[in-house]
> 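Just passing along the structure, written as C-alpha cells.
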Amino acid sequence: MEKRPLKFVLINPTSPLWRVNSNQKPVNHSVFRFSMLPSLYVAASLPRHVQTQIIDEDVEPIDFDTDADIIGVSFMTYNAPRAYEIGDRFRAKGKAVIFGGYHPSFMPEEAIQHSDAVCIGEAEYNIPNMIADFQNGGLQQFYKSELVDLADLPHLNRNLIKRNAYVTPNAMQATRGCVHHCEFCSVASFNRYKIRTRPIGDVVKELGTLGRYVLFMDDNIILNKAYAKELFKAMIPLNKRWFSQCGIGIAEDEELLRLAFQSGCRGLFIGFESLSEQTLSAYQKHCNRQKDYLDIVKRIHAAGIGICAGFVFGSDEDGPDVFENTLEFLQKSNMDALQSTRLTPFPGTPLFNRMDEEGRILDKDWSHYDFFHVVHQPKQLSAATLHEGTAWLQREFYSYPSISRRMSKAFSYLSPETLLKAVIPLNLGWRFKLTSYGAFKMGNYLEKEQLA
C-alpha cells in the first residue's frame with residue numbers, strides 16, 4: 001500500500017546571539033558552520049514519500065505556521081532551552097514533534113516533556129521506524145537502535161542546505177566514534193566507546209562528487225591507523241585539500257603523517273587539553289600522557305600541516321598559573337589556531353555524574369553549557385578566575401599582533417594556499433566570535449589574582 005506524502009521539517013536551534021529572525025541577514029561567522037552533516041543524514045534516511053526541509057536558525061528563521069506533518073528538532077545541550085520552546089510551540093499547534101541529538105539522547109526523560117518522541121543515539125536506523133509508527137498512529141516515546149553500520153550510510157542531498165552559508169558544503173565522514181574514555185567527552189559516550197570505519201570505496205566515491213576543499217567531521221580520523229593509511233593512499237590521486245580532527249598519535253607514525261599530507265591534509269584540530277600530567281590523568285586522557293607536545297607540533301608542522309589546538313581549563317589540578325603557562329607553550333610552538341574552553345560537565349559524561357554527586361555543579365541552565373560560561377566549581381580556581389583567565393588567554397592569542405607574528409612564521413612550513421584559505425580566516429573568525437561573546441571586554445584576571 002502506497003504511503004501518503006508527508007512533510008518533515010528538521011530544525012537546528014541556535015543561541016540568541018546568532019539566531020536569524022524574519023527579514024534579518026545571518027551573522028557572518030560561516031567559518032564555524034559545518035554543513036549540517038547530521039541533519040543531512042537524517043534527511044537521507046527518511047522514506048521517499050517524505051518531503052524534507054532543513055532549517056538552521058543560524059541561517060534562516062523558523063516558520064511556526066508551516067503545514068508540515070512532523071517537526072524534528074536536533075540539538076546539543078546549550079540549545080536545549082530553545083529546542084524545548086520550539087517543541088512546545090509546535091505541539092500547541094497540534095504538530096507531532098520528534099527530538100534527536102546529543103542532549104535528548106542523554107536526557108530523554110527530560111526531553112520527552114516537550115516532544116512526542118525522542119530518538120536516542122544515531123538517527124539512520126531509528127527515523128524510518130518513527131515515520132512508519134507516525135503514519136500508523138502509534139508513535140512511541142523512545143526509539144533506540146544499534147549503532148549504524150557505516151556501510152549503510154545513505155547518499156546525501158546537499159542541496160537541502162544553503163551551501164554558501166557554511167565554511168564548505170563538502171563535509172563528510174569516514175569514521176565515527178572513539179574508544180578513549182576521556183572524562184569530559186560526550187562524543188565517545190554517544191558512540192558507546194567504539195570506532196567504526198566506512199568502506200574506503202564509498203569514501204572515495206563520495207569524495208569524487210565534492211569540490212577541492214573537504215572537511216572530514218570524524219571524531220579522530222586516524223584512530224584506526226591501518227584504516228587511515230589505506231584511506232589516505234586511496235585519496236592521493238583525487239588531489240583534494242582536506243581538514244579534520246585527530247589525536248596526537250599522527251605525529252608518532254612517520255608513514256601515517258606523510259600519507260596524510262600526500263592525500264591532501266593541510267590542517268588538523270588536535271585535543272591537547274592540558275600541559276599537566278596530573279590533569280591528563282584526571283581527565284583519563286591517557287593517550288596524551290608522557291608526550292613531548294613541542295616535538296609533536298614540530299613534526300606536524302614539518303610535514304606541512306597546520307594545527308588548531310584544543311585546550312580545556314578548569315580541572316581540579318589547574319591553578320591560576322595555567323593560563324600563562326599555556327600561552328607560553330602556544331607561542332613557543334607557534335600554534336596556528338586555538339580553541340580554548342572552560343571545562344563543561346555535559347550530561348551523559350562521567351564528569352557530569354561525578355561533579356553532580358559532589359555538589360559542584362553551580363548552574364543547570366543548559367543555555368550556559370556553551371564553553372563560554374563556568375557551570376562548575378573548580379578546586380583551585382574561583383569561578384571568576386576560570387572565566388576571566390580563559391578570556392585573557394583568548395585575547396592574548398587572538399590579538400592582531402599575535403596573529404601577525406604567527407602567520408609570518410607559518411609561511412616557513414605552510415603553503416600560501418593553506419594560510420589564505422584556512423588558517424588566516426580561522427584566526428579572524430575566532431577573533432570575531434570571541435569579540436561577539438564579550439571576551440575582549442572582560443577584566444584582567446591577573447590583576448585580581450595579585451590583589452587577592
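Position 1 is the first residue of the sequence; numbering continues from there.
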> Would Y413 and D336 count as a side chain to side chain donor-acceptor pair (under 3.5 Å) here? Give the steps.
CA-CA 11 Å; Y413 56 83; D336 304 290; 2.7 Å; yes
> Do W242 and F216 have ring centres separated by under 6.0 Å?
yes
> For K225 and I250, what are the C-alpha separation, side-chain angles and deciding distance, and is it a side chain to side chain contact (heavy atoms under 4.5 Å, CB included)?
CA-CA 9 Å; K225 290 185 179 181; I250 192 169; over 6 Å; no
> Checking L153 now: which residues fulfil side chain to side chain contact (heavy atoms under 4.5 Å, CB included) with it, not counting sequence neighbours?
Y41, E124, V148, L150, R176, R198
> Could you tell me whether a side-chain N or O of S402 sits under 3.5 Å from a main-chain N or O of Y398, the two making a donor and an acceptor?
no
> Assess, by modelled atom type and distance only, whether the side chains of Y369 and N79 contain a donor and an acceptor separated by less than 3.5 Å.
no
> Should we count NZ of K298 as having more than 12 external heavy atoms under 6.0 Å?
no
> For S415 and T418, test the side chains for any donor-to-acceptor distance below 3.5 angstrom and give the result as yes or no.
yes
> Verify the distance criterion only: is there a donor paired with an acceptor across the side chains of N224 and T197 at less than 3.5 Å?
no
> Is it the case that more than 12 heavy atoms not belonging to K421 sit under 6.0 Å from its NZ atom?
no
> H180 and Y193: side chain to side chain contact (heavy atoms under 4.5 Å, CB included), yes or no, with the steps?
CA-CA 7 Å; H180 299 305; Y193 300 100; over 6 Å; no
> Okay, side chain of N136, backbone of G138: is any donor-acceptor separation there less than 3.5 Å?
no
> Should the pair Y102 and F190 be assigned to parallel (<30°), tilted (30 to 60°) or perpendicular (>60°) ring geometry?
parallel
> Taking Y227 for the side chain and T175 for the main chain, is one N or O donor matched with an acceptor at less than 3.5 Å?
no
> Within 45° of the ring axis of F64 and under 6.0 Å from its six-membered ring centre, is that where the NZ or CZ of R89 lies?
yes
> Are side-chain heavy atoms of F99 and Y84 found at a separation under 4.5 Å?
yes
> Can you check whether I11 reaches F90 side chain to side chain, under 4.5 Å on heavy atoms?
yes
> More than 12 foreign heavy atoms under 6.0 Å from CZ of R48: is that the case here?
no
> Would you call L6 and I131 a side-chain contact if the rule is heavy atoms closer than 4.5 Å?
yes
> Has K240 got a side-chain atom pairing as donor or acceptor with G208's backbone, closer than 3.5 angstrom?
no
> Quiz question: by atom type and distance under 3.5 Å, do the side chains of N334 and R405 form a donor-acceptor pair?
no
> Is a side-chain N or O of H181 found less than 3.5 angstrom from the main chain of V179, in a donor-acceptor match?
yes
> Using the six-membered ring of F261, assess whether NZ or CZ of R266 lies under 6.0 Å from its centre and within 45 degrees of the ring axis.
yes
> Please lay out, stage by stage, how F397 and F323 fare under the test ring pair (Phe, Tyr, Trp, His ring centres under 6.0 Å).
CA-CA 11 Å; F397 187 83; F323 308 107; over 10 Å; no
> What residue among K144, R196, K194 forms salt bridge (charged side-chain N to carboxylate O under 4.0 Å, His left out) with E122?
R196
> Got R192 and L147 here, is their nearest side-chain heavy-atom distance under 4.5 Å?
yes
> May I ask you to check whether H387 and R342 show a side-chain donor-acceptor distance below 3.5 Å?
yes
> Which atoms form the tightest heavy-atom contact between I222 and G249, and what is the distance?
CD1-C, 4.2 Å
> Start with the C-alpha distance between Y143 and D133, add both sets of side-chain angles, then the distance that settles side chain to side chain donor-acceptor pair (under 3.5 Å), and finish with yes or no.
CA-CA 11 Å; Y143 291 79; D133 286 351; 2.6 Å; yes
> Do the charged groups of E206 and R158 touch, with an N to O distance under 4.0 Å?
yes
> List for me each residue that meets ring pair (Phe, Tyr, Trp, His ring centres under 6.0 Å) alongside F352, sequence neighbours excluded, and say none if there are none.
none
> Please determine whether the number of non-hydrogen atoms from other residues, nucleotides or ligands lying under 6.0 Å from atom CD of E328 exceeds 12.
no
> Does any donor atom in the side chain of S244 or D218 lie under 3.5 Å from an acceptor atom in the other side chain?
no
> Within a radius of less than 6.0 Å around CE of M107, do more than 12 heavy atoms belonging to other residues, nucleotides or ligands occur?
yes
> Whether the side chain of S404 engages the backbone of Y400 through a donor-acceptor N/O pair (distance < 3.5 Å, no angle test) should be reported.
no
> For the residue pair P108 and V118, what are the closest heavy atoms and their distance?
O-CG2, 4.1 Å
> Is there a donor-acceptor contact under 3.5 Å linking the side chains of E57 and N12?
no
> Between C178 and L223, does a side chain to side chain contact (heavy atoms under 4.5 Å, CB included) hold up when you go through it step by step?
CA-CA 7 Å; C178 183; L223 187 57; 4.3 Å; yes
> Would a 4.5 Å heavy-atom cut-off, applied to side chains only, mark S45 and V42 as touching?
no
> Do Q339 and W430 have side-chain heavy atoms sitting under 4.5 Å apart?
yes
> Where the side chain of N220 meets the backbone of G247, is there a donor-acceptor pair that is under 3.5 Å apart?
yes
> Are the side chains of I54 and L40 in contact, using a 4.5 Å heavy-atom criterion?
yes
> Applying the salt bridge (charged side-chain N to carboxylate O under 4.0 Å, His left out) criterion to D253, which one of R299, R258, K229 satisfies it?
K229
> I'd like to know if the side chain of S105 reaches the main chain of G101, judged simply by a donor and an acceptor atom lying under 3.5 Å from each other, with no hydrogens or angles considered.
yes
> Give the ring-plane orientation class for F272 versus F311, where under 30° counts as parallel, over 60° as perpendicular and anything between as tilted.
parallel
> Minimum heavy-atom separation for P350 and E183, please, with both atom names.
CD-O, 3.4 Å
> Between S274 (side chain) and S276 (backbone), is there a donor-acceptor pair under 3.5 Å?
yes
> Are K93 and D65 close enough for a salt bridge, meaning some N to O gap below 4.0 Å?
yes
> Evaluate the criterion side chain to side chain contact (heavy atoms under 4.5 Å, CB included) for residue pair L343 and F313; output intermediate values, then yes/no.
CA-CA 5 Å; L343 181 65; F313 301 109; over 6 Å; no
> Give the C-alpha distance, both sets of side-chain angles, the deciding distance and a yes or no for ring pair (Phe, Tyr, Trp, His ring centres under 6.0 Å) between F75 and W366.
CA-CA 11 Å; F75 57 98; W366 301 134; over 10 Å; no
> Under the criterion ring pair (Phe, Tyr, Trp, His ring centres under 6.0 Å), I'd like the reasoning laid out for Y283 against F184: C-alpha separation, chi angles, the key distance, then a yes or no.
CA-CA 7 Å; Y283 284 162; F184 56 80; 4.9 Å; yes
> What are the two closest heavy atoms between I120 and N126, and how far apart are they?
O-ND2, 3.5 Å
> Under a plain distance cut-off of 3.5 Å, with no hydrogens placed, do N427 and R406 share a side-chain donor-acceptor pair?
yes
> Tell me, do M407 and L419 make a side-chain contact under 4.5 Å, heavy atoms counted?
yes
> Using atom types as modelled and distance alone, determine if a side-chain donor or acceptor of D69 lies under 3.5 Å from a backbone N or O of K7.
yes
> Looking just at side-chain N and O atoms, do E110 and H103 make a donor-acceptor pair shorter than 3.5 Å?
yes
